[in-house]
Structure formats: C-alpha cells, structure tokens
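First up is the structure itself, then whatever we jot down about it.
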Amino acid sequence: MRHPDRYLPAEPGARFIARQLYEGVRDLPLVCPHGHVDPRLLAEDAPFPDPAALFVKPDHYIFRMLYSQGVPLEELGVPRRDGGPVETDPRRIWQRFADHFHLFRGTPSGCWLQDELAEVFGIEEPLGAKSAMRIYDRISEKLAQPEFRPRALFDRFRIEVLCTTDAATDSLKHHRQIHESGWKGRVLPTFRPDAAVNIAAPGWSDEVKQLGRLTGLEIGSFKDFIAALEKRRTLFRAWGAVSTDHAVLEPYTEELTAAEAEALFSRARKGQASEEDSRRFVAHMLMEFARMSAEDGLVMQLHAGSWRDHNRTVFERFGPDKGCDIPVATEFTRNLRALLNKFGNDSRFRLVLFTLDESTYSRELAPLAGHYPAVRLGPPWWFHDSIEGMLRYRRSVTETAGIYNTAGFNDDTRAFLSIPARHDLNRRVDACFLADLVARHVITLEEASDMAADLACNLARETYRLGADAARPAGD
C-alpha cells in the first residue's frame, strides 16, 4: 500500500505543512504544454491493445534501464529497422518487464509506474515476477471497458489542455480528426522544425521537398525556405498551436547576413555543407525562429544539451528515441547573447529554456531568466524530472529568478497514462520545497499556498499563453 505522505519531508513539522500545501493543489486540473503523446491516440480513441503496448513499448525510460542491465530491446518488442525478429507476445514482454521491475526502485519511473497501477487501475499489489500475470490480466480486463478508452481517461485525468509535438511537415490530420469529431478535449499541436533545419541529416533534402509540397512553394533559395516555414507556422497556429520546440546540442546563436545565409543554404542543397556550416545554419535559424515568434506570438522552447542517439549500435538497429540520449556540458550566457540582445527585451517574444546540465541552473539560467523579460526557465527535464532533481532545481534557481520566471511544470512524455502520476509527483515535491521555506519563516503559509497553485497550473498557463477559456482551434 502506498503511503499517503509519499515523497513528502521526513521531518514531522515540515511534513505537516507540505501535506496542507499538497492537499490544496492535488485536484487542480492538469495543464500539459509540452509532451510527446501521439495525437492519433486521441483522434482514433481506440482501446489500448494490451498492457505491454501501454506501459513498456512507448517508454524510453523503461528501455534504457532494462537495456543497461543486459535486456535486449528485441525482447521488449521494440521494432528493428531491418525488420528482423522481435518478441511479439505481449505476455512475454510484460513478464520480462516485471522480472526486472526491482531495477526501478527509488527512481522516478518506479514512482510513476506504481502510481499509475494504483490510481488508474486500482492495483496496489507490488509488480514482480510472481504477480506479473495476475496484474497483466487485471489491466487487460480494465482496458476492455469503455471508461478506459483514451478520451475517457483524458477527461478522468482532468487534463485541461494537452500539447503534442509535431514535425513542421506533419499533415496534422489527427488534430483535424479530433476537432471534427466534436469531442471537447483540448489537444493542440506544437511546431517542431528540427528535421527541416538539420542540414547534416541524411533526410534533410527530402524534408525540404516535403515542406515545399505542403506549402505549394518551389524552394530554390533560403528566402523560399523561410517563407515555407512561416506558412507552416500559420497553419499550426490556425489549429491552435501556442508554441514551437527546438532541440539543439548547444544553444549557439549567430545572425548571418542575407548573402551568407543564401550561400550556406545553397551549399547544403548541393550536399556540400561542412560541419561548421551545419552549426552556423542552426545558429542562424534560431535567430530566424525567434524573429518569427516575436511576430506571430508562438512561444519558443529550446531544449539544449542532449547528445541524441549516443549509442550508435542502438540507433542503427532500432532508430531514434530509444533511451540513448546523454547529457553534455552546456553554455548559455555566451551562446544566447546574440539572440537575447536582439529579442530578449521584446515584450512580444517568449523563450523557454530547458537543459540537462544542472551546473547551469544557478550560474547562468537563473540570472538570465532573472533579467531578460522574454526568458522563462523550463522545469527539470529527462534525468532530473525526479524527486531530488526537482528539489535541486527549485533550490538552485528560486533565490535568483524566483518562481515567476519559471514555466511551471510539464510532463514531457510519450506515455499517456503516466501524465497524472508525473504531475502528482511534481506537486508533492513542490510542496516539500515550499514547506521548508514556511518552516524557516522565509514565506508565510498563505504565500506558499498561492505559490503551490501557481507552480501546479498557473505558471504554465501564463508562460504558454494558455487559458482555461481560450478559443478552440479554428482550422484552415
């Protein structure tokens, strides 16, 4: 049985305060401005196929932990690029997962998974090798019921808004399908143009051609390329998008002259771009996207410091997003100076910064957010969206930036059923942080209660310009 005071402070006085703060926000709606849930899930509203497909296959947190302990991804049913054999029996996949569930003790994944089983399916029995099939059957029985279809769960979870992440060349057909169905759930796209910007990627030319086909533009120059991206952003906004998302290894920004940009784009089109060309092109495109955001109002998110697909063997065999992204040291103060000097004081522009490099929290990110009106700090991401990681983040940034220069919380997940558990853990951890400030008489209990609600919902709404009563997407 999970303890009602789980994740709260061990010290009785602070725990009493944290419990009050948590109880005040536990039932607030979930605002989800950044994540990776496939919109097809909610467009088709089909029953989840089985527990393995629901819990194991979409979750790279599970992949990486089991892989680190020698479990081949094929045994988890992860498709191979070459079409080679993988496990297809969901019971065998679930059993393998349960056999290794002890690996998740003390991790955020372990916390989320236990909360999912209990809160969503009413299963308090610990998952393990002996209980695996009993729990599998109980979940399967629930999944056959109408109240466990995706849209019913969306409503049950009290999700106010859910933003997906969509390529610049995505057709948005699933967003259209959701809108045309008449269902009232608010699901919005997010413009992510990484594939169109990474000129070093093997498929870049194909992405540019697709961009041209979708916009009806002949992309023969950098000017045409920018026009096509702007046209796609207009479509995304028509379907309700409030933000863009950009992933970079380093947050380097540089403004090229028009002639330099055209020449660089031309070399890329001919397959002659160098590694330095690629670096400078991304740097210039961040400047272009900042300009576009200042003009069209889309909030710009920047995820920096992740070496994507670090494990070449896994990438070549299974493709991207299989849990082998590794943090690197990241520098923001120098790298973002060009962008912030041009747009950081513009009231129309908003930039949300995420990092995997915790050493930047107090040294760079908090001072930047504590000064530039355009900057907000995104919540702890990936390896740090954990109990201790969230506490370290709050302690590192609040004394310089306060909480009102941060973006609240987002779940950043593909695993739909984990969304409530992730928000609940964050609300408990924020209650811990605030309770400590109250116990030391830094803030009052009344102030802490207001701050807890802001951290739970209001900061995300304000940062991403979302409102509970905001208009639904209009379409094209």
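The first residue of the sequence shown is numbered 1, and numbering continues consecutively from there.
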Open item on the list: Less than 4.5 Å apart, side chain to side chain, heavy atoms only: is that true for R376 and T406?
Closed with: no

Open item on the list: Quick one: does any side-chain atom of E260 pair with a main-chain N or O of T257 as donor and acceptor, under 3.5 Å?
Closed with: yes

Open item on the list: Atom CD of residue position E218 - does it have more than 12 heavy atoms of other residues, nucleotides or ligands inside 6.0 Å?
Closed with: no

Open item on the list: Rounded to the nearest 0.5 Å, what separates atom CG in L113 from atom CD1 in I62?
Closed with: 5.0 Å

Task: Least distance between heavy atoms, L356 atom then P327 atom - done: CB-CB, 3.7 Å

Open item on the list: Quick check: do D411 and D385 have side-chain heavy atoms less than 4.5 Å from each other?
Closed with: no

Open item on the list: Any heavy-atom pair between the side chains of M390 and D430 that's under 4.5 Å?
Closed with: no

Open item on the list: Whether E275 and R279 form a salt bridge (side-chain N of Lys/Arg under 4.0 Å from carboxylate O of Asp/Glu) is what I want to check.
Closed with: no

Task: Ring-face cation of R392 near Y361 (centre distance under 6.0 Å, axis angle within 45°) - done: no

Task: Residue pair I219 / R269: nearest heavy atoms and the distance that separates them - done: O-NH2, 2.9 Å

Open item on the list: Side chains of D325 and H310 only: does a donor on one sit below 3.5 Å from an acceptor on the other?
Closed with: no

- [ ] Specify whether H303 and F354 have parallel, tilted or perpendicular ring planes, treating 30° as the upper limit for parallel and 60° as the lower limit for perpendicular.
- [x] parallel

Task: Quiz item: cation-pi between R81 and F315, 6.0 Å / 45° - done: yes

- [ ] List the atom of L143, the atom of D50, and the distance in Å for their closest heavy-atom pair.
- [x] CD1-C, 4.0 Å

Open item on the list: Measuring from atom CG of L73 to atom CZ of F318, what distance do you get when rounded to the nearest 0.5 angstrom?
Closed with: 4.5 Å

TODO: Using modelled atom types only, decide if a donor and an acceptor are shared between the side chain of E262 and the backbone of F222 within a distance under 3.5 Å.
DONE: yes

Open item on the list: Tell me the closest heavy-atom pair linking C324 and N311, and the distance in Å.
Closed with: CB-CB, 3.7 Å

TODO: With the side chain counted from C-beta on, respond yes when T355 and L377 share a heavy-atom pair under 4.5 Å apart, and no when they do not.
DONE: no

- [ ] Give a yes or no on this: more than 12 heavy atoms of other residues, nucleotides or ligands lie within 6.0 Å of atom CZ of R213.
- [x] yes

Open item on the list: Going by side chain to side chain contact (heavy atoms under 4.5 Å, CB included), M300 matches just one of L286, V352, L353. Which one?
Closed with: L286

Open item on the list: Is it the case that the side chain of T360 and the backbone of D357 share a donor-acceptor pair, with hydrogens and angles ignored and the cut-off at 3.5 Å?
Closed with: yes

TODO: Would you indicate whether R156, at its atom CZ, is surrounded by more than 12 heavy atoms from other residues, nucleotides or ligands within a distance under 6.0 Å?
DONE: yes

Open item on the list: Check whether R151 reaches the backbone of L42 with its side chain - one donor and one acceptor, N or O, closer than 3.5 Å.
Closed with: yes

- [ ] State, without any angle test, whether Y252 and E254 hold a side-chain donor-acceptor pair at a distance under 3.5 Å.
- [x] yes

Open item on the list: Any non-hydrogen side-chain atom of T165 less than 4.5 Å from a side-chain atom of H34?
Closed with: yes

Open item on the list: Please check: side-chain N/O of E87 versus main-chain N/O of E74, any donor-acceptor pairing under 3.5 Å?
Closed with: no

Open item on the list: Between T169 and E207, does the side-chain hydrogen bond (donor to acceptor under 3.5 Å, both in side chains) criterion hold? Intermediate values first, please.
Closed with: CA-CA 7 Å; T169 54; E207 185 74 5; 2.7 Å; yes

Task: Residues D59 and R414 bridged, charged N to O under 4.0 Å - done: no

TODO: Measure centre to centre between the rings of W204 and F265, then say whether the value is under 6.0 Å.
DONE: yes

- [ ] Compare all side-chain heavy atoms of I226 with those of F289 and state whether any distance is below 4.5 angstrom.
- [x] no

Open item on the list: Test your reading of the model: is there a side-chain donor-acceptor pair from Q114 to the backbone of L117, 3.5 Å cut-off?
Closed with: no

- [ ] Hey, can you tell me if F154 and W183 have their rings parallel, tilted or perpendicular (30° and 60° cut-offs)?
- [x] perpendicular

Task: Donor-acceptor contact present, side-chain D224 to main-chain G220, <3.5 Å - done: yes

TODO: Before accepting this row, confirm whether a basic side-chain N of the pair E44/R149 lies closer than 4.0 Å to the acidic partner's carboxylate O.
DONE: no

Open item on the list: For a quick check under 3.5 Å, do R422 and S418 share a side-chain donor-acceptor pair by atom type?
Closed with: yes

Task: Q301 versus T244, side-chain donor and acceptor atoms under 3.5 Å - done: no

Task: Sidechain N-carboxylate O distance under 4.0 Å for R348, D346 - done: yes

TODO: Could you tell me which non-hydrogen atom of H175 sits nearest to which non-hydrogen atom of V187, and how far apart they are?
DONE: ND1-O, 3.5 Å

- [ ] Verify whether one side chain among R350 and S293 offers a donor that lies under 3.5 Å from an acceptor in the other.
- [x] no

Open item on the list: Just to verify, what does E255 make a side chain to side chain contact (heavy atoms under 4.5 Å, CB included) with, not counting sequence neighbours?
Closed with: H284, M287, K342

Task: Within-4.5 Å side-chain heavy-atom neighbours: M451 and N458 - done: no

Task: L41 backbone acceptor or donor facing D38 side chain under 3.5 Å - done: no

- [ ] Take atom NZ of K231 as the centre, draw a 6.0 Å sphere, and report whether it contains more than 12 heavy atoms from other residues, nucleotides or ligands.
- [x] yes

Open item on the list: Main chain of A273, side chain of R267: is a donor-acceptor contact present, judged purely on distance under 3.5 Å?
Closed with: no

Open item on the list: Less than 3.5 Å apart, any donor N or O on the side chain of D454 or Y404 sitting next to an acceptor on the other?
Closed with: yes

- [ ] Under the salt bridge (charged side-chain N to carboxylate O under 4.0 Å, His left out) rule, what do E230 and R291 come out as? Steps first, then yes or no, please.
- [x] CA-CA 11 Å; E230 290 176 334; R291 173 191 60 78; 2.9 Å; yes

Open item on the list: Which heavy atom of S109 sits nearest to which heavy atom of Y61, and what is that distance?
Closed with: OG-CB, 3.3 Å

Open item on the list: Under a 3.5 Å distance rule, please check whether R237 uses its side chain to pair with a backbone N or O of D296 as donor and acceptor.
Closed with: yes

Donor-acceptor contacts, no H, no angles, side chain residues 188-199, under 3.5 Å, sequence neighbours left out:
from, atom 1, to, atom 2, distance (Å)
T190, OG1, T164, O, 2.7
R192, NE, D194, OD2, 2.9
R192, NH1, D245, OD2, 2.9
R192, NH2, D194, OD2, 3.3
D194, OD1, A247, N, 3.4
D194, OD2, A247, N, 3.2
N198, OD1, A200, N, 3.2

Task: T253 side, atom OG1; N335 side, atom CG - distance, nearest 0.5 Å - done: 7.0 Å

TODO: Working to the nearest 0.5 Å, report the span between OG of S181 and CZ of R176.
DONE: 13.0 Å

Open item on the list: Check R186 with E160, please: is the shortest side-chain N to carboxylate O separation under 4.0 Å?
Closed with: no

Open item on the list: How long is the straight-line distance from CG of L466 back to SG of C457, given to the nearest 0.5 Å?
Closed with: 11.5 Å

Open item on the list: Would you say CD of E180 has more than 12 non-hydrogen atoms from neighbouring residues, nucleotides or ligands within 6.0 angstrom?
Closed with: yes

Task: Pairwise side-chain contact, F225 with L217, heavy-atom cut-off 4.5 Å (strictly under) - done: no

Open item on the list: For the CZ atom of F104 and the CZ atom of F97, what is their distance to the nearest 0.5 Å?
Closed with: 5.5 Å

